[in-house]
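Before any comments, here is the structure.
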2 protein chains.
Amino acid sequence: MSDSLAMTIGAETKQSSPAGGASFSPLYQQIKQLLLRALDQGEWKPGESIPSEFELAARFQVSQGTVRKAVDELASENILIRRQGKGTFVSTHHEPHVRFRFLRLAATAGRTPPTKSQVLNCQRVRANAHAAQQLDLRVGESLVFIRRLLTFENVPTVIDDIYLPSFLFKGLTSSLLEAHQAVPLYGLFETEFGVSMVRAEEQIRAVAASSEVAELLAIKVESPLLRVDRTSYTYVDRPVELRVGHYLTDQYYYRNSLI
Amino acid sequence: MSDSLAMTIGAETKQSSPAGGASFSPLYQQIKQLLLRALDQGEWKPGESIPSEFELAARFQVSQGTVRKAVDELASENILIRRQGKGTFVSTHHEPHVRFRFLRLAATAGRTPPTKSQVLNCQRVRANAHAAQQLDLRVGESLVFIRRLLTFENVPTVIDDIYLPSFLFKGLTSSLLEAHQAVPLYGLFETEFGVSMVRAEEQIRAVAASSEVAELLAIKVESPLLRVDRTSYTYVDRPVELRVGHYLTDQYYYRNSLI
DNA sequence: TAGTGGTCTAGACCACGGA
DNA sequence: CCGTGGTCTAGACCACTAG
């Protein structure tokens, strides 16, 4: 197959704003979408480098400057990482910098504490209406359910309840999770299942600890906790994870920047 | 005065990485800093347009492409807004879009509810150690303290305690705030005091309502609340506001995107 | 029609990293 | 040394807005 876009654009540029539709998009946006599709299909794996700007320009039959603009956007979204003199690399959750973006509890001055992770549960469940809607599945489809406890400096701090479409995570079991206890969960999803989380939306509330969660965190029932509802998305904006976290914020806080 | 940078660069480019210092910065970054300084000095007010890219290029003696890259960055930080065919404008908190970025409580699907704001208190206080450190002042310096209540759809939802350096907000009184009840607070700061908030850092925790806050929000003592500690910054990254918010999140939630 | 930002190209040169 | 990304320039053309 040829990835050339020259024809497409040549034709598209000439029909300025067709009467019915609003379908035009600039060349660099089309390149960006092609790169995202290639990433989604695993053409370049997290941690690897992608071809040089000139190679991509030749492949897509556009100028290097146009590729550059597409890559610029992907780099600003933290999907690619440029390294001068070395190349452009696919982001990976195995790097602390990336993990930091998805684990927002900090103690002071942005320092994220060393973490211990324990899997408390891992089983198949059926999607309820909410999960099905969020994950773009049908009610009753099979999900992997994981409950885990994060401990910071010997203080049980986070309970995460995680829901994943089973068909994307075949073979995900307690023992697999335990075998990879050291790597971040999203790192494991990347390398074991080819699923890369690049974006998430969160809803944050203050709630009173249920007896169940209180027991797991070794706190009093009704203690105030942060409840964080997260939906995570991959390269092509497919939702692939639902997560409900309960955070104890006595010693840590959720950090956020408004820009 | 001449804003030309040609000399600076010509000289700077030649001395590649001087032994002692790490002082080099690209032309477009220097242009960006000049633009930020001009904004800080009020050369162009929020809502106004800045000169065209070619005018700025002539003023700074660089190419239009270099100005474009500087403006691109400022636009990506939501400090400037480009409007094709019209020009580039200075962001203002009077636009709902900007306000939305700093008021993160939403009900469903990102809709922010209509808000009523009531000022409960406005007086001068002295900076304690924490406030002085955060606002880059000396302990004991005068601050304006504002306490206000936000009501969403007749539900008291937010108590904000706000601290501002008095010397930047001369003449800020209860009656002034009441006279401008309709405009967002940051909009008032912009137009009345020339202080534009462009960025903020927040720390979020779950806490139990104190009796004082519980009474103001008409809820039970010890109810779980979001506590949001915010420090806000202006164009040149000066901290100018400290804010402690207590949010009732029974019907609303704090929305956030991880990217 | 004129002026603005938006896209695309081509080419020169610099800075960095590694062989 | 070469290949990578990073910067800067110049110029052509398109799309949108307003008079």
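Residue numbering restarts at 1 for every chain, and letters A, B, ... go by the order of the sequence lines.
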To the side chain of Tyr28(B), which of dT9(D), dT7(D), dA10(C) is closest?
dT7(D)

Scan residues 74-86 of chain B against DNA chain D and write down, sorted by residue number, each residue with any heavy atom closer than 4.0 Å; if none is found, say none.
Gln84(B), Gly85(B), Lys86(B)

My understanding is that only residues two or more places apart in sequence, or in another chain, count here; which of them pass side chain to side chain contact (heavy atoms under 4.5 Å, CB included) with Lys116(B)?
Gln118(B), Thr151(B)

From dG5(D), dT7(C), dC8(D), nucleotide with atom closest to Pro26(B) side chain:
dC8(D)

Between Leu27(B) (CG) and dA12(C) (P), how many Å, whole number?
20 Å

So what does Gln64(B) touch, heavy atoms closer than 4.0 Å: a base, only the sugar-phosphate, or nothing?
nothing

Return the set of residues passing side chain to side chain contact (heavy atoms under 4.5 Å, CB included) with Phe169(A) (not counting sequence neighbours), or none when no residue passes.
Val144(A), Leu164(A), Pro165(A), Leu172(A), Phe189(A), Phe193(A), Val195(A)

Taking the six-membered ring of Tyr233(B), is NZ or CZ of Arg238(B) closer than 6.0 Å to its centre and within 45° of its axis?
no

Sequence-distant partners of Gln134(B), side chain to side chain contact (heavy atoms under 4.5 Å, CB included), two or more places apart
His130(B), Thr231(B), Leu242(B)

In chain order, what residues pass the side chain to side chain contact (heavy atoms under 4.5 Å, CB included) check against Asn78(A), with sequence neighbours excluded?
Arg101(A)

Show me the donor-acceptor pairs within less than 3.5 Å that the side chains of residues 93-100 of chain B make with the rest of the protein, sequence neighbours left out.
residue	atom	partner	partner atom	Å
His93(B)	NE2	Met197(B)	O	2.8
His94(B)	NE2	Gly187(B)	O	3.2

Between dG3(C) (P) and Ile50(B) (CD1): distance, integer Å
19 Å

Among all residues two or more places apart in sequence or in another chain, which pass the salt bridge (Lys or Arg N to Asp or Glu O under 4.0 Å) test with Asp237(B)?
Arg199(B)

Choosing from dT4(D), dG6(D), dT9(C), which nucleotide comes nearest the side chain of Arg68(A)?
dG6(D)

Using the criterion of both pairing distances under 3.5 Å for Watson-Crick and G-U wobble pairs, give all stems of 3 or more consecutive pairs involving DNA chain D.
C:1-18 with D:1-18

Test of understanding: with salt bridge (Lys or Arg N to Asp or Glu O under 4.0 Å), list the residues that count as partners of Glu73(B), not counting sequence neighbours.
Lys32(B)

Comparing Gly65(A) with Thr88(B), nearest DNA chain C nucleotide closer to 5' gives the residue Thr88(B)

